[in-house]
Each structure stands twice: as C-alpha cells, then as structure tokens.
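Here the structure is laid out as structure tokens; the discussion comes afterwards.
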Amino acid sequence: MKFKKILPILLVSAAIILVAACKKSRYCHCVSDNYTIVINSDTVVRADTAVVNVDRAMKCEGIKIMNFRTKDEGPVVYTDREVKCIELDVDTVKVLP
C-alpha cells in the first residue's frame with residue numbers, strides 16, 4: 001500500500017530532475033578592463049567583450065583571463081586581458097543582440 005502512494009511522488013521527482021538536466025550549457029558575457037591605444041595619433045579607450053558558451057559544470061565567474069585578437073594597423077596582435085564575466089539568462093545564442 002505504501003508503495004502505491006510513494007510511486008507517483010518518485011515519478012514526479014524523477015521528471016523534475018530530468019527537465020532540470022536538459023539545459024546542458026550556459027552563456028557568459030565577458031568584458032575586459034578598459035585599456036588605451038593610439039591609432040593614427042588619436043588616443044582611444046577600449047574594452048573587449050565576448051559571449052562564451054561554457055559547460056554547465058563551469059561557472060562564469062571562474063573565467064578570469066581571456067585571449068583577444070586585434071588588428072588595428074599592421075600585424076594581428078594576441079593579448080591576454082583580465083575579464084569579468086556574468087551568466088546570461090538565455091537558452092540559445094540566437095536571442096542575443
């Protein structure tokens with residue numbers, strides 16, 4: 001008798017766990033600190049930004065340094081920058097601007 005009462009509760013809790021596990025990835029919006037560059041004798045203040053798709057096991061706050069590629073004049077330059085990342089509340093990147 002007790003099993004017949006517990007069975008619906010077990011089925012509902014299993015369904016809730018499966019639905020929660022469906023979201024397999026998350027999106028992080030990362031922004032670097034401001035930096036100054038000179039382009040054609042003009043001083044420009046910039047901050048790099050990126051949207052990154054990470055696994056559910058990784059936290060956005062755990063991303064501290066990212067490598068950015070820039071090409072203003074001359075060759076492409078790869079630079080490591082300190083970033084601050086927050087999690088975006090979206091399921092797909094299609095809804096991002």
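Everything quoted here is computed from the prediction, not taken from an experiment. Computed from heavy atoms alone, side chains included, the values below leave out hydrogens, waters and symmetry copies.
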Handout entry: Partners meeting side-chain hydrogen bond (donor to acceptor under 3.5 Å, both in side chains) with Asp80 (sequence neighbours left out)
Key =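 Listed in chain order: Asn67.
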Handout entry: Counterpart residues, side-chain hydrogen bond (donor to acceptor under 3.5 Å, both in side chains), relative to Thr79 (two or more places apart)
Key =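 So Thr79 forms no side-chain hydrogen bond (donor to acceptor under 3.5 Å, both in side chains) with any residue.
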Handout entry: Qualifying residues under side-chain contact (heavy atoms from CB on, under 4.5 Å), relative to Ile63, sequence neighbours excluded
Key =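 With sequence neighbours excluded, Ile63 shows a side-chain contact (heavy atoms from CB on, under 4.5 Å) to Cys28, Cys30, Val54, Met58, Met66, Val83, Cys85, given in chain and number order.
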Problem - N-O pairing of Asp33 and Lys84 below 4.0 Å - result: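 Salt bridge between Asp33 and Lys84, a charged N being under 4.0 Å from a carboxylate O: yes.
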Handout entry: Phe68: which of Val77, Thr49, Asp48 passes side-chain contact (heavy atoms from CB on, under 4.5 Å)
Key =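 Answer after filtering Val77, Thr49, Asp48: Asp48.
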Exercise for the section: Supply the atom-to-atom distance Arg26 CZ to Asn53 CG, rounded to the nearest 0.5 angstrom. Expected result: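 Output value for this atom pair is 10.5 Å.
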Problem - Between CD on residue Glu87 and SG on residue Cys60, distance to nearest 0.5 Å - result: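 Interatomic distance, Glu87 CD to Cys60 SG, rounded to 0.5 Å: 5.0 Å.
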